[in-house]
S.K.: 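Submitted below is the structure of interest, expressed as structure tokens.
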4 protein chains.
Amino acid sequence: MAQQKRTRIQEKNRATILEAALEVFSNQGFRGATLDQIATAAGMSKPNMLYYFRSKEAMHIALLERLLDTWLDPLRTLDAAGDPVEEILGYVRRKLDMARAYPRESRLFANEIVQGAPRILTEIKGPLKALVDDKAALIAGWSAQGRIAALDAHHLIFSIWATTQHYADFDVQVRGILAPKGDAHFDDAAEFLAGFYRRALTVG
Amino acid sequence: MAQQKRTRIQEKNRATILEAALEVFSNQGFRGATLDQIATAAGMSKPNMLYYFRSKEAMHIALLERLLDTWLDPLRTLDAAGDPVEEILGYVRRKLDMARAYPRESRLFANEIVQGAPRILTEIKGPLKALVDDKAALIAGWSAQGRIAALDAHHLIFSIWATTQHYADFDVQVRGILAPKGDAHFDDAAEFLAGFYRRALTVG
Amino acid sequence: MAQQKRTRIQEKNRATILEAALEVFSNQGFRGATLDQIATAAGMSKPNMLYYFRSKEAMHIALLERLLDTWLDPLRTLDAAGDPVEEILGYVRRKLDMARAYPRESRLFANEIVQGAPRILTEIKGPLKALVDDKAALIAGWSAQGRIAALDAHHLIFSIWATTQHYADFDVQVRGILAPKGDAHFDDAAEFLAGFYRRALTVG
Amino acid sequence: MAQQKRTRIQEKNRATILEAALEVFSNQGFRGATLDQIATAAGMSKPNMLYYFRSKEAMHIALLERLLDTWLDPLRTLDAAGDPVEEILGYVRRKLDMARAYPRESRLFANEIVQGAPRILTEIKGPLKALVDDKAALIAGWSAQGRIAALDAHHLIFSIWATTQHYADFDVQVRGILAPKGDAHFDDAAEFLAGFYRRALTVG
DNA sequence: GATGAATGAGTCTTCATTCAT
DNA sequence: CATGAATGAAGACTCATTCAT
């Protein structure tokens with residue numbers, strides 16, 4: 001992976017393009033997005049954009065690579081030394097915060113997975129699975145020790161992903177139903193999830 | 001909107017087309033799908049297909065309309081007269097069964113919502129919201145009566161949608177992480193969700 | 001090689017396109033030719049043209065396949081039972097006649113070979129080599145029997161190809177040098193080559 | 001055309017570029033070649049390359065001009081004072097030697113002529129024709145004097161060009177047919193052509 | 001009802017060339 | 001001299017839709 005040296009202009013332009021691409025890809029999906037839209041959003045000519053990324057797909061891949069790196073950070077910080085319930089609740093909160101702060105990234109990811117993950121299946125089956133298996137083992141240990149309720153650790157993680165990312169991925173639906181409330185629903189969601197997971201995890 | 005009478009052959013062909021369109025749209029998204037793919041999947045010529053549906057969008061809309069009708073059935077059956085916890089657990093189960101039986105429908109819906117629901121926002125803000133508000137009121141009542149834990153009914157419903165549809169929408173990710181298990185993960189999920197929601201709902 | 005059945009219109013349009021493509025490819029080479037030029041020459045819209053041939057390359061390949069089939073006919077008719085010198089002179093004449101009648105085909109072929117034959121190297125190393133080896137063996141036999149001069153049969157065949165196709169491939173040069181003569185130079189060439197090969201072949 | 005004085009570094013860079021351009025043009029043709037390929041081959045940036053040659057076409061023209069100058073040298077040395085047959089055989093050999101030593105130049109020329117010689121038609125009709133006419137007159141004189149066989153001198157020259165350049169221009173075809181022989185075929189060709197032309201020229 | 005044929009409007013990508021430093 | 005950055009113009013190919021039968 002010999003990374004070429006890049007000038008400051010290059011770094012800036014690449015960042016501008018990725019920002020624009022994220023905006024468009026996350027809303028339209030890969031096929032729905034056009035280079036014209038991205039170029040306009042980036043304030044750049046199409047050929048110049050392709051000077052920085054050789055193809056539409058190259059942009060998409062760059063986005064996904066950058067994403068996976070940071071997307072899993074909340075899970076990585078799950079600490080074996082902490083209190084089990086608080087650790088998991090903390091993970092839920094961090095994950096929800098990310099959904100709130102980076103909804104476009106979440107939708108980019110969702111778009112990709114829903115359509116079969118053609119570009120990141122390898123990453124999923126490799127590093128992602130490894131990390132999940134690792135943390136699931138930790139949670140399963142807590143469960144076996146009776147420090148949290150008896151449950152399937154993998155499916156617990158899935159549930160956390162599902163319930164938190166839902167607020168980013170299905171945003172329009174959530175807003176449509178909760179209207180005319182504003183962004184406050186994220187705080188309500190945080191409160192709901194906190195109580196919800198606390199009860200579900202705590203040993204009766 | 002004068003609904004034309006349709007012959008049996010017409011009904012059959014429309015059904016064949018919608019089946020093919022569902023297959024393609026759910027995998028590729030609206031923009032990613034091509035009429036060629038759908039026509040091939042339907043074993044029909046493109047112009048003939050367009051004789052039954054005037055445009056690509058008409059197919060999509062037909063699919064979404066049909067979908068919303070049935071997609072909410074599990075929620076409708078939530079019974080005010082039943083036992084609150086069992087009613088909600090039953091809803092979770094029925095929703096998961098639907099995700100298992102109709103993953104393409106779920107993904108079609110997910111694709112549409114993730115991309116801003118351009119074609120069904122009206123439905124969401126109208127009939128869907130009405131039904132959800134209605135059932136949320138029922139659940140909120142149970143909660144206020146202390147028959148289930150204190151929680152936000154709307155967000156409870158969101159969580160049920162999220163955790164169950166996740167197994168359809170994020171199927172490849174779930175399989176990638178749980179590999180090499182087969183379809184058994186749906187049973188595991190059912191068990192997990194049952195215990196999970198029971199604990200989360202039951203009043204301490 | 002399941003050949004699809006084609007309607008009369010298809011056959012006609014395919015022929016029209018190939019005729020136009022031959023004209024353009026033989027003059028500009030593969031890379032130099034544009035679909036616009038070919039479409040214009042064929043009196044057809046570009047997309048409609050691509051309805052008949054999926055790509056620019058498909059046209060080129062179709063031309064080359066058709067070409068190789070007929071291009072070697074003159075060599076095939078070399079008859080073991082005939083008089084050696086007359087047989088070879090007959091071959092020279094037929095080859096020159098082809099260069100005169102089908103200069104575009106000759107140039108198409110020349111363009112391809114000069115640029116490394118990326119699309120027909122397989123054909124050259126296979127069927128073409130087989131035929132040449134076969135006929136070279138026949139000629140070598142005549143040579144060994146003293147019925148024609150002692151010479152290398154393969155190189156004799158090369159010389160015949162070179163001297164005859166030269167009048168098609170290097171046409172502009174030939175005309176530029178012989179100007180202001182008209183097409184008469186083909187007759188002069190025929191006479192020259194006849195005498196030339198007769199002397200070169202006849203056993204002193 | 002005021003010829004600018006050039007520094008040593010300029011001369012060297014121009015030479016490097018032309019060498020790279022020759023490599024690329026001779027393999028891909030003018031349209032098929034890209035400045036990127038040439039710049040890469042020359043180990044130089046594209047704009048810097050264009051500093052030395054204002055355009056792609058300028059490189060091509062420079063190559064062709066340089067080429068024509070040397071390409072005809074073998075013909076120029078045809079000596080009226082020598083023995084006719086030996087003079088012509090010597091010319092054949094020198095021409096074949098050039099095809100062997102400079103195949104890229106030969107293919108560059110072939111590419112240009114096959115495609116109608118748009119850039120050097122003038123040269124062909126001018127200096128080239130003049131030289132050929134001159135030498136053809138010499139050969140015609142020998143022929144008229146009975147010192148070589150009766151033949152058309154212009155077409156004799158064409159035949160020599162054709163048979164010798166064939167080994168450069170149609171190299172892949174020759175190798176494909178003679179495989180798996182190596183470069184030895186050039187020696188075989190030399191021997192064949194020597195015997196061939198000697199018999200064809202010698203007066204019975 | 002059904003289909004072969006046709007096309008206008010894109011859509012990604014390439015490329016020779018110019019600009020700015 | 002040298003190069004990173006930028007682009008207008010073109011080019012191959014796609015696709016939803018329409019036409020004609």
Side-chain angles (χ1 to χ4, degrees), chain A residues 4-10 12-14 30-39 43-59, chain B residues 6-7 9-10 12-13 30-39 43-60, chain C residues 4-10 12-14 30-39 43-59, chain D residues 7 9-10 12-13 30-39 43-59:
Chain A
Q4 266 110 38
K5 271 179 204 167
R6 298 203 184 100
T7 68
R8 231 159 301 152
I9 288 189
Q10 275 179 330
K12 187 177 143 253
N13 278 341
R14 284 178 63 94
F30 181 73
R31 291 288 304 266
T34 74
L35 289 183
D36 263 321
Q37 292 173 313
I38 300 174
M44 209 175 279
S45 76
K46 226 183 337 176
N48 194 25
M49 200 170 67
L50 288 166
Y51 171 74
Y52 291 99
F53 292 90
R54 302 189 67 90
S55 68
K56 185 182 177 182
E57 186 154 21
M59 288 176 211
Chain B
R6 298 202 184 102
T7 67
I9 210 175
Q10 277 179 329
K12 186 176 146 252
N13 278 339
F30 181 72
R31 290 288 305 268
T34 74
L35 289 185
D36 263 321
Q37 292 173 312
I38 300 174
M44 207 174 283
S45 76
K46 238 188 319 180
N48 195 23
M49 198 170 68
L50 287 166
Y51 170 79
Y52 291 100
F53 292 90
R54 302 192 69 86
S55 70
K56 185 183 177 182
E57 187 154 20
M59 289 175 212
H60 201 232
Chain C
Q4 267 110 38
K5 270 179 204 167
R6 298 200 184 104
T7 67
R8 231 159 302 151
I9 287 189
Q10 276 179 328
K12 187 178 143 250
N13 278 341
R14 285 177 63 94
F30 181 73
R31 291 287 304 268
T34 74
L35 289 184
D36 263 322
Q37 293 173 313
I38 300 174
M44 209 175 279
S45 76
K46 226 185 332 178
N48 194 26
M49 199 170 68
L50 287 166
Y51 172 75
Y52 291 99
F53 291 91
R54 301 190 68 91
S55 68
K56 187 182 175 181
E57 185 154 22
M59 290 176 210
Chain D
T7 67
I9 210 176
Q10 279 178 327
K12 186 176 146 254
N13 278 339
F30 181 73
R31 290 289 305 269
T34 74
L35 288 184
D36 264 321
Q37 292 173 313
I38 300 174
M44 206 174 283
S45 75
K46 238 189 319 179
N48 194 24
M49 199 171 67
L50 287 166
Y51 170 81
Y52 290 100
F53 292 90
R54 302 192 70 86
S55 70
K56 186 182 177 182
E57 186 153 22
M59 288 176 213

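Being a predicted model, the structure only gives us computed values, none of them experimental. A, B, ... follow the sequence lines: proteins, then strands. Residue 1 opens every chain.
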S.K.: Identify whether any heavy atom of C/Tyr52 sits under 4.0 Å from a base atom; if not, whether one sits that close to sugar-phosphate; answer base, sugar-phosphate or nothing.
M.R.: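 Sugar-phosphate, no base atom in range.
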S.K.: How many whole angstroms separate atom CE of D/Met44 from atom C1' of F/dC1?
M.R.: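 Taking atom C1' of F/dC1 as the reference, CE of D/Met44 is at 11 Å.
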S.K.: Please report, rounded to the nearest Å, how far the P atom of E/dA6 is from the CD1 atom of C/Ile9.
M.R.: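 Result: 6 Å.
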S.K.: Atom CG of A/Asp36 to atom P of E/dC12: distance rounded to whole Å?
M.R.: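 Computing the A/Asp36:CG to E/dC12:P distance gives 7 Å.
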S.K.: Expressed as a whole number of angstroms, how long is the span from A/Leu50:CG to E/dT11:C1'?
M.R.: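 So the CG-C1' distance, A/Leu50 to E/dT11, works out to 11 Å.
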S.K.: Applying a 3.5 Å limit to both distances, which nucleotide forms a Watson-Crick or G-U wobble pair with F/dA20?
M.R.: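 Here F/dA20 is engaged in a pair, and the nucleotide opposite it is E/dT3.
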S.K.: Taking only side-chain nitrogens and oxygens of A/Asn13, does any of them come within less than 4.0 Å of OP1 or OP2 of F/dG4?
M.R.: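 So the side-chain polar atoms of A/Asn13 never come under 4.0 Å of the phosphate oxygens OP1 or OP2 of F/dG4.
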S.K.: Starting at CE of C/Met49 and ending at P of E/dT7, how long is that distance when rounded to a whole Å?
M.R.: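 Atom-to-atom, C/Met49 to E/dT7, this comes out as 12 Å.
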S.K.: Are any non-hydrogen side-chain atoms of B/Gln10 and B/Tyr51 less than 4.5 angstrom apart?
M.R.: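 The answer is yes; the side chains approach within 4.5 Å.
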S.K.: Please compare C/Ala33 and B/Ser55 by the position of their nearest nucleotide in DNA chain F and report the one closer to 5'.
M.R.: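 With C/Ala33 and B/Ser55 compared, the 5'-side residue is C/Ala33.
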S.K.: Mind calculating the distance between NZ (B/Lys46) and C1' (F/dC19) to the nearest angstrom?
M.R.: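 Result: 14 Å.
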S.K.: Could you give the CE-to-P distance, from A/Met59 to E/dC12, as a whole number of Å?
M.R.: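 It is 9 Å, rounded to the nearest whole Å.
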S.K.: If each of C/Thr34 and A/Arg8 is mapped to the nucleotide of DNA chain F with the nearest heavy atom, which maps nearer the 5' terminus, i.e. the 5' end?
M.R.: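 Closest to the 5' end, via its nearest nucleotide, is A/Arg8.
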S.K.: Could you tell me which non-hydrogen atom of D/Met59 sits nearest to which non-hydrogen atom of D/Met49, and how far apart they are?
M.R.: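 For D/Met59 versus D/Met49, the nearest heavy atoms are CE-CE, 3.7 Å.
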S.K.: Select base, sugar-phosphate, or nothing to describe what B/Leu35 touches, counting heavy atoms under 4.0 Å on all strands.
M.R.: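 The residue B/Leu35 makes base contact.
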S.K.: In Å and rounded to the nearest 0.5 Å, what is the CE to CG distance from D/Met44 to D/Asn13?
M.R.: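 If I round to the nearest 0.5 Å, the distance is 4.0 Å.
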S.K.: Describe the nucleic acid contact of D/Ala39 in one word from base, sugar-phosphate, nothing, applying a heavy-atom distance below 4.0 Å.
M.R.: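 Answer is nothing: D/Ala39 stays at 4.0 Å or more from every strand.
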S.K.: F/dA20 and E/dG1: how far apart are their P atoms, nearest whole angstrom?
M.R.: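 Taking atom P in both F/dA20 and E/dG1, they lie 23 Å apart.
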S.K.: Mind checking if B/Arg31 touches a base, just sugar-phosphate, or nothing, with heavy atoms under 4.0 Å?
M.R.: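 Sugar-phosphate only.
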S.K.: Show your reasoning for whether side-chain contact (heavy atoms from CB on, under 4.5 Å) applies to B/Thr34 and B/Lys46.
M.R.: CA-CA 10 Å; B/Thr34 74; B/Lys46 238 188 319 180; over 6 Å; no
S.K.: Got a second to check how far D/Lys12's NZ is from D/Tyr52's OH, nearest 0.5 Å?
M.R.: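 The distance works out to 9.0 Å.
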S.K.: Atom CD of C/Glu57 and atom P of F/dC13: how far apart are they, to the nearest Å?
M.R.: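 Distance check: C/Glu57 CD to F/dC13 P gives 8 Å.
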S.K.: Would you say F/dA5 has OP1 or OP2 under 4.0 Å from some side-chain N or O of A/Gln10?
M.R.: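 Yes, because at least one side-chain N or O of A/Gln10 sits under 4.0 Å from OP1 or OP2 of F/dA5.
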S.K.: So, does C/Tyr51 get its side chain near the phosphate of E/dA6, meaning an N or O under 4.0 Å from OP1 or OP2?
M.R.: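 Looking at the OP1 and OP2 atoms of E/dA6, neither is under 4.0 Å from any side-chain N or O of C/Tyr51.
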S.K.: Would you say A/Asn48 reaches F/dA5's phosphate, i.e. side-chain N/O to OP1/OP2 under 4.0 Å?
M.R.: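 Result: no.
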